[in-house]
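The structure appears below as structure tokens.
What you see is a predicted model; the values in this text were computed from it and never measured.
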Amino acid sequence: MIKKGFIFDLDGVIVDTAKYHFLAWKKLANSIGIDFTEHQNEQLKGVSRIESLKKILKWGDITLSEEDFNRLMADKNTNYLSYIAKMDESEILPDVIKVMQFLIDKKQPMALGSASKNSIEILNKVNLFNQFDAIVDGNAVTKAKPDPEVFLKAAEAIQIKPENCIVFEDSVAGIQAANKANMISIGIGESSVLNEADVVFRDFTEMSLDFLEKLLTTRKSQLKEK
Ligand code: B16
Ligand code: MG
């Protein structure tokens with residue numbers, strides 16, 4: 001059997017930190033007179049911190065000096081980290097552990113492929129840091145998703161060819177990045193949103209062990225159904 005590599009996005013796949021990003025971005029946006037909705041927050045999923053703030057300022061038609069821009073980014077992160085500080089294992093999304101345990105039992109390498117610069121802090125809070133053979137996050141890349149850099153670096157770190165990698169992702173940009181990297185893209189979320197993914201599950205509770213078993217032997221071009 002060819003060895004596969006499994007790459008997990010963090011926010012929206014392992015934990016739901018999107019709710020904390022929402023609270024922190026909303027506070028920031030409101031402080032400069034911009035309204036910020038949950039719908040807008042959806043559009044920031046998988047998007048880097050710097051690109052997120054650029055989008056928010058565009059929505060509010062606001063231009064800032066570089067100094068103010070950097071100060072707001074730092075303030076947002078300080079606020080976001082105050083939520084992260086309270087996280088624990090109970091915030092791991094349903095059946096993430098089931099999938100990870102299956103992969104550990106099958107001796108399949110696992111990597112993190114996240115846009116977040118806070119990934120190590122979050123993984124430590126939920127006690128999953130030691131489960132990964134490699135961590136590639138926002139600190140290690142220069143190009144944001146949908147560029148495939150984060151996943152290609154993760155594949156390299158676990159020494160698995162891209163075509164033998166499987167990516168679990170909740171964002172449109174992340175699915176596009178996985179596809180560009182020629183990896184199997186598994187969407188975690190709404191199929192109407194993640195329609196470019198090879199297969200979509202609402203969450204890991206929907207993913208059977210039979211499907212995981214199938215991933216160990218199936219190529220991207222052959223993967224059509226759950
Ligand atoms: P940070 P992921 C992404 O994480 C989030 O989805 C996105 O909303 C956030 O702006 C980005 O990380 C950067 O996060 O501010 O912590 O560096 O989904 O790629 O794991
Ligand atoms: Mg995500």
Side-chain angles (χ1 to χ4, degrees), residues 1-16 45-46 92-116 119 123 126-137 141 145-226:
M1 193 194 293
I2 300 168
K3 211 171 194 182
K4 302 280 181 168
F6 288 79
I7 305 175
F8 290 75
D9 174 52
L10 178 63
D11 178 19
V13 168
I14 295 176
V15 285
D16 178 19
K45 280 189 178 172
I92 298 172
L93 287 168
D95 277 1
V96 167
I97 300 294
K98 171 193 83 178
V99 173
M100 286 187 169
Q101 193 55 54
F102 173 90
L103 298 175
I104 290 166
D105 292 346
K106 298 281 179 186
K107 298 192 168 36
Q108 298 294 308
M110 284 190 264
L112 189 86
S114 165
S116 176
S119 74
L123 288 178
V126 299
N127 216 5
L128 285 179
F129 180 76
N130 290 324
Q131 302 294 12
F132 291 96
D133 300 293
I135 291 180
V136 180
D137 68 7
V141 297
K145 301 168 187 176
D147 190 282
E149 184 186 13
V150 65
F151 296 141
L152 291 173
K153 281 201 165 160
E156 201 183 323
I158 52 174
Q159 296 179 300
I160 302 289
K161 286 183 184 164
E163 66 261 35
N164 293 323
C165 286
I166 295 104
V167 173
F168 299 119
E169 244 299 340
D170 72 313
S171 74
V172 174
I175 292 294
Q176 290 169 342
N179 289 338
K180 278 187 203 161
N182 195 25
M183 298 176 179
I184 288 181
S185 55
I186 310 284
I188 304 294
E190 294 287 333
S191 50
S192 55
V193 178
L194 304 175
N195 51 37
E196 292 174 57
D198 291 316
V199 187
V200 181
F201 294 88
R202 184 170 297 278
D203 57 36
F204 284 114
T205 65
E206 271 197 359
M207 196 180 291
S208 67
L209 294 183
D210 282 350
F211 177 79
L212 284 167
E213 194 80 48
K214 192 162 89 177
L215 285 176
L216 301 180
T217 52
T218 311
R219 290 169 165 278
K220 185 175 175 75
S221 58
Q222 299 167 323
L223 192 70
K224 293 211 165 50
E225 54 197 49
K226 291 181 185 177

ask   = Ignoring hydrogens and geometry, is there a side-chain-to-backbone donor-acceptor pair from Ser185 to Asp198 under 3.5 Å?
value = yes
request  = Indicate yes or no: at least one non-hydrogen side-chain atom of Lys3 is less than 4.5 angstrom from one of Pro109.
outcome  = yes
Leu103, Ile166, Ile158 screened by side-chain contact (heavy atoms from CB on, under 4.5 Å) with Gln108, the one that passes = Leu103
Heavy-atom donor-acceptor pair, Glu149 side chain to Val141 backbone, under 3.5 Å = no
query = Does the Lys145 side chain pair with the main chain of Ala178, one donor and one acceptor, at a distance under 3.5 Å?
reply = no
query = Is it true that atom CD of Glu156 has more than 12 heavy atoms of other residues, nucleotides or ligands lying nearer than 6.0 Å?
reply = no
task = Indicate yes or no for a side-chain donor-acceptor contact from Glu206 to the backbone of Arg202 under 3.5 Å, with no hydrogens or angles considered.
result = yes
query = Under 4.5 Å between any side-chain heavy atoms of Phe151 and Glu169, yes or no?
reply = yes
task = Decide yes or no for Leu123 and Leu10: does some side-chain heavy atom of the first lie under 4.5 Å from some side-chain heavy atom of the second?
result = yes
task = Report yes or no: do Asp137 and Ser114 form a side-chain donor-acceptor pair below 3.5 Å?
result = no
message = Determine whether a donor-acceptor pair (N or O, by modelled atom type, separation under 3.5 Å) exists between the side chain of Glu190 and the backbone of Ser192.
response = no
request  = Please determine, by modelled atom types, if Asp210 and Ser208 share a side-chain donor-acceptor pair under 3.5 angstrom.
outcome  = no
inquiry  = What's the separation between atom CG in Asp147 and atom CG in Leu152, rounded to the nearest 0.5 Å?
reply    = 8.0 Å
inquiry  = Other residues, nucleotides and ligands only: do more than 12 of their heavy atoms fall within 6.0 Å of CD on Gln159?
reply    = no
query = Would a distance-only check, ignoring hydrogens and angles, find a side-chain to backbone donor-acceptor pair under 3.5 Å from Lys214 to Leu223?
reply = no
query = What orientation do Phe204 and Phe168 show, parallel under 30°, tilted 30 to 60°, or perpendicular over 60°?
reply = perpendicular
inquiry  = Under the side-chain hydrogen bond (donor to acceptor under 3.5 Å, both in side chains) test against Lys220, which residue among Asn164, Asn182, Asn179 passes?
reply    = Asn179
